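I'd like to ask some things about the structure below.
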Amino acid sequence: MNDSALELPEGYDNKFPIRIRGLTNAFGDYVVHDALDLDVRQGEILGVVGGSGTGKSVLMRSIIGLQFPREGDIEVFGQNITDAEPDEVIGVRNRWGVLFQGGALFSTLTVAENVQVPLKQFYPELDQTLLDEIARYKTVLTGLPAEAASKFPSELSGGMKKRAGLARALSLDPELLFLDEPTAGLDPIGAAKFDELTRELTDTLGLTVFLITHDLDTLYAICDRVAVLADKKVIAVGTIPELLETDHPWIQEYFNGPRSRAAAKSHEGADDRRKALDKPQAGRA
Ligand SMILES: Nc1ncnc2c1ncn2[C@@H]1O[C@H](COP(=O)(O)OP(=O)(O)OP(=O)(O)O)[C@@H](O)[C@H]1O
């Protein structure tokens, strides 16, 4: 879909599809982020964690232009999107896909029609036959049966809705994928399958993934690095072993707690398996 190649700014080397510097977000007097910095590396799945209300979703919304920051710079593919007019960043906006919490599917549209929404928005010239073909392909790509394309969200299970939301997020062949708590509400088997799908699609499609989660299994199973939000900033970013070396109390409590240790144990070897698959080491600190 992205034939309308974005003119990358001179000097941009695509190592960091997202760079954030000095980001401040506030609602009235309530400051959510205060001079937050973050780099997301090309090709990685970056897990974003933090206590409830630390601003993970607000951070994601800032990057995709749904939250106007009070201060700071956000570059996506080398282009500063914070002070740009919507028209100026259209070439960036069609290079990302978003799976919002809960899927956020349009309930009156079928799965295929949901997948076609971004296509129609960015490529109004596409004819219906092609739109149907793309929607069917994206539906199957996310592990749904082809028949699911003609179903309405109310006819799908929770796991199927997530996959349908993912199909829509992938409709424009994005390079960047934003996932907001993708496994929330799924049973453990469904969650593990969704994790596997995320890893597989990331590797085969060459995606960079910004993944907000509370799911420790997801962090251990598929994330290359983890960014920790606390104290209005990203206080640390690295692999889980690297984070364990930091002495911030929240990080210690989070990753050394019994649930984290259980998740670590059940995913022992996940890192080695990823390396064995010869995954490029982008995203490794
Ligand atoms: N539109 C808004 N108006 C006012 N306050 C908001 C708005 N959106 C978010 N907030 C506040 O910003 C803070 C961060 O919210 P955010 O949803 O980003 O947290 P989060 O880290 O994603 O939390 P959770 O893990 O519970 O989903 C919260 O205190 C929230 O109440």
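The model shown is predicted, which means the values in this text are computed figures rather than measured ones. Whatever order the structure lists ligands and atoms in, that order sets their numbers, starting from 1.
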Worksheet item: Does an N or O anywhere in L59 fall below 3.5 Å from an N or O of ligand 1?
Response: no
Discussion item. For H214, state whether at least one heavy atom is located under 4.0 Å from any atom of ligand 1.
Written reply: yes
Item to complete: Under the salt bridge (charged side-chain N to carboxylate O under 4.0 Å, His left out) rule, what do R199 and D203 come out as? Steps first, then yes or no, please.
Response: CA-CA 6 Å; R199 183 78 252 179; D203 294 343; 3.0 Å; yes
Worksheet item: If you measure every N/O of V32 against every N/O of ligand 1, is any gap under 3.5 Å?
Response: no
Worksheet item: If you take all heavy atoms of G47 and L219, which pair is closest and at what distance?
Response: CA-CD2, 4.2 Å
Discussion item. Which heavy atom of Q42 sits nearest to which heavy atom of P17, and what is that distance?
Written reply: N-CD, 3.3 Å
Discussion item. Among all protein heavy atoms in this structure, tell me which lies nearest to atom 7 (C) of ligand 1, with the distance rounded to 0.1 Å.
Written reply: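 Among all protein heavy atoms, the one nearest atom 7 (C) of ligand 1 is F27 CZ, 3.3 Å.
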Worksheet item: Of the protein's non-hydrogen atoms, which lies at the shortest distance from atom 18 (O) of ligand 1, and what is that distance?
Response: V58 N, 2.8 Å
Discussion item. Within the protein, is there a heavy atom lying under 4.0 Å from atom 30 (C) of ligand 1?
Written reply: no
Worksheet item: Polar-atom distance check: G50 versus ligand 1, any N or O pair below 3.5 Å?
Response: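 No; every N/O pair is 3.5 Å or more apart.
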Worksheet entry | Residues D224, T239; criterion side-chain contact (heavy atoms from CB on, under 4.5 Å); working and verdict | CA-CA 6 Å; D224 294 301; T239 61; over 6 Å; no
Response to the item:
Numbered in order shown, the ligand 1 atoms found under 4.0 Å of a heavy atom of E181 are 25 (O), 27 (O)
Worksheet item: Any ion pair linking K138 and D173 (charged N to carboxylate O, less than 4.0 Å)?
Response: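 Yes, this pair counts.
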